[in-house]
There are 2 protein chains.
Amino acid sequence: MKIGDVAKRTGASVRSIRHYEKVGLIRATREENGYRDFDEADMLLVRRIGRMIRLGFTTEEIATFLNCIVDDPATVTACPKVAAAHRLKLAAIERQMADLETRRQKLLITLKAASGQDDISVPETLAHAETSPIALAHPRHPGARGLFRRRG
Amino acid sequence: MKIGDVAKRTGASVRSIRHYEKVGLIRATREENGYRDFDEADMLLVRRIGRMIRLGFTTEEIATFLNCIVDDPATVTACPKVAAAHRLKLAAIERQMADLETRRQKLLITLKAASGQDDISVPETLAHAETSPIALAHPRHPGARGLFRRRG
DNA sequence: GTAACCCCTGACATCAATGTCAGGGTCAAG
DNA sequence: CTTGACCCTGACATTGATGTCAGGGGTTAC
């Protein structure tokens with residue numbers, strides 16, 4: 001199966017599949033002409049990688065436990081590394097959510113103060129005094145890149 | 001007041017203050033020797049910019065409404081643009097939170113399936129079937145950059 | 001005059017997956 | 001043999017505030 005077929009059947013772009021190979025998440029044999037050759041198992045793997053990425057794992061993180069997942073036809077059995085990675089990711093996500101919630105509350109306060117008047121009066125004290133100097137240990141939200149903002 | 005003083009009194013780095021000037025958020029007069037010269041108002045402005053950035057606004061967004069904020073000593077009065085920008089940011093944050101919550105739930109499901117067993121059994125169907133192809137219109141979480149992950 | 005600070009500009013790096021283009025093959029159908 | 005549809009590699013771009021370095025100058029106190 002050629003890379004284009006895998007792309008169609010997994011939803012991943014050709015570019016992404018090549019990338020997964022480059023970072024060592026998948027391995028492809030080569031035909032005589034240099035074309036990559038994939039089989040069904042590779043395809044399932046690409047699908048799994050895509051799901052992990054959508055969950056927010058980076059390829060680097062996935063690499064730490066992907067080789068520790070062994071499939072049989074319909075089931076995947078994984079070793080503890082998988083759960084560990086999931087717990088870490090979960091914690092990171094919850095930190096991000098907490099940060100977002102904090103910011104949300106502050107925005108709401110400002111908006112509340114603004115409602116009902118044409119001009120917004122924002123006392124300095126209300127302007128969210130001293131937020132933590134700079135927060136967020138795990139700032140980025142990986143997973144779901146590639147589509148860039150269209151300037152708007 | 002020189003840039004170093006402003007940095008100390010606002011918590012922003014010298015680099016950041018220069019950046020704010022470059023993108024047009026602040027204006028500094030120059031001394032004869034080329035040094036930037038700031039006054040108290042500039043300092044308050046830098047503080048406000050810092051707060052906005054911590055709230056998640058980009059400098060570009062801030063630029064759309066910062067000039068529409070007029071201070072008198074202790075109070076800030078702003079025009080509707082400020083509220084509009086805040087509402088947009090609020091909506092973006094809530095989208096991000098919803099996305100995080102979705103991912104959180106999926107991670108929890110996997111972890112739940114894993115609990116109590118040495119090996120994790122992750123049926124394909126459970127492996128979060130077809131998440132939206134690629135989500136997140138406003139992927140990044142701006143505000144709070146600069147401190148990079150220390151590889152961990 | 002020289003050390004110790006501070007300021008200036010400009011450029012590169014960071015993070016990470018993906019898009020996109022250039023330049024160049026392979027192959028089957030017409 | 002040409003056309004069209006693929007495949008290949010390698011490189012640059014995207015996001016965006018900030019860190020950091022290079023190379024050069026100012027100011028002050030000893």
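Values below: every heavy atom of this structure, side chains too, minus hydrogens, waters and symmetry copies. All figures in this text were calculated on a predicted structure; none of them were measured in a lab. Lettering follows sequence order; numbering is per chain, from 1.
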From the options [options], select the nucleotide whose nearest atom is closest to the side chain of [X].
| X | options | value |
| --- | --- | --- |
| A:Thr58 | D:dG19, C:dA17, C:dC6 | C:dA17 |
| B:His19 | D:dC8, C:dA17, D:dT18 | D:dT18 |
| B:Thr59 | D:dA17, D:dC8, C:dC8 | D:dA17 |
| B:Arg30 | C:dC8, D:dC6, D:dT18 | C:dC8 |

Interatomic distance where [atom1] belongs to [X] and [atom2] belongs to [N] [whole Å]:
| X | N | atom1 | atom2 | answer |
| --- | --- | --- | --- | --- |
| A:Ile62 | C:dA17 | CD1 | C1' | 11 Å |
| B:Ile17 | C:dC7 | CD1 | P | 9 Å |
| A:Glu31 | C:dA28 | CD | P | 11 Å |
| B:Lys22 | C:dT9 | NZ | P | 8 Å |
| A:Asp37 | D:dC8 | CG | C1' | 15 Å |
| B:Phe57 | D:dT18 | CZ | P | 15 Å |
| B:Leu55 | D:dA17 | CG | P | 14 Å |
| B:Glu32 | C:dC8 | CD | C1' | 16 Å |

Tabulated below should be each protein N or O lying under 3.5 Å from an N or O of nucleotides 24-28 of chain D; please produce it.
| residue | atom | partner | partner atom | Å |
| --- | --- | --- | --- | --- |
| D:dG25 | N2 | B:Tyr35 | OH | 2.9 |
| D:dG26 | O4' | B:Tyr35 | OH | 3.4 |
| D:dT27 | OP1 | B:Asn33 | ND2 | 3.1 |

Item to complete: Determine yes or no for a side-chain-to-main-chain donor-acceptor pair under 3.5 angstrom, with A:Glu61 supplying the side chain and A:Thr58 the backbone.
Response: yes
Worksheet item: Between A:Glu94 and B:Arg104, is there a side-chain N and carboxylate O pair less than 4.0 Å apart?
Response: yes
Worksheet item: Under a 4.0 Å N-O cut-off, is there an ion pair linking B:Asp99 with B:Arg103?
Response: yes
Item to complete: Tell me whether the OP1 or OP2 atom of C:dA17 has a side-chain N or O from A:Tyr20 closer than 4.0 Å.
Response: no
Worksheet item: With respect to the phosphate group of D:dT18, does any side-chain polar atom (N or O) of B:Ser16 fall under 4.0 Å of OP1 or OP2?
Response: yes
Report yes if the side chains of [X] and [Y] come closer than 4.5 Å at any heavy-atom pair, otherwise no.
| X | Y | result |
| --- | --- | --- |
| A:Lys2 | A:Asp37 | no |
| B:Arg36 | B:Arg30 | yes |
| B:Met52 | B:Phe65 | yes |

Discussion item. With nearest nucleotide decided by heavy atoms, which residue, B:Ile3 or B:Arg15, maps closer to the 5′ end of DNA chain C?
Written reply: B:Ile3
Item to complete: Please tell me which of B:Val14 and A:Glu21 maps to the more 5' nucleotide of DNA chain D, matching each residue to the nucleotide holding its nearest heavy atom.
Response: A:Glu21
Worksheet item: Quick one: the side chain of B:Arg18 and the base of C:dT9, do they pair up donor-acceptor inside 3.5 Å?
Response: no
Worksheet item: A:Leu111 and B:Ile93: same hydrophobic cluster, using ILVMFWY side-chain contacts below 4.5 Å?
Response: yes
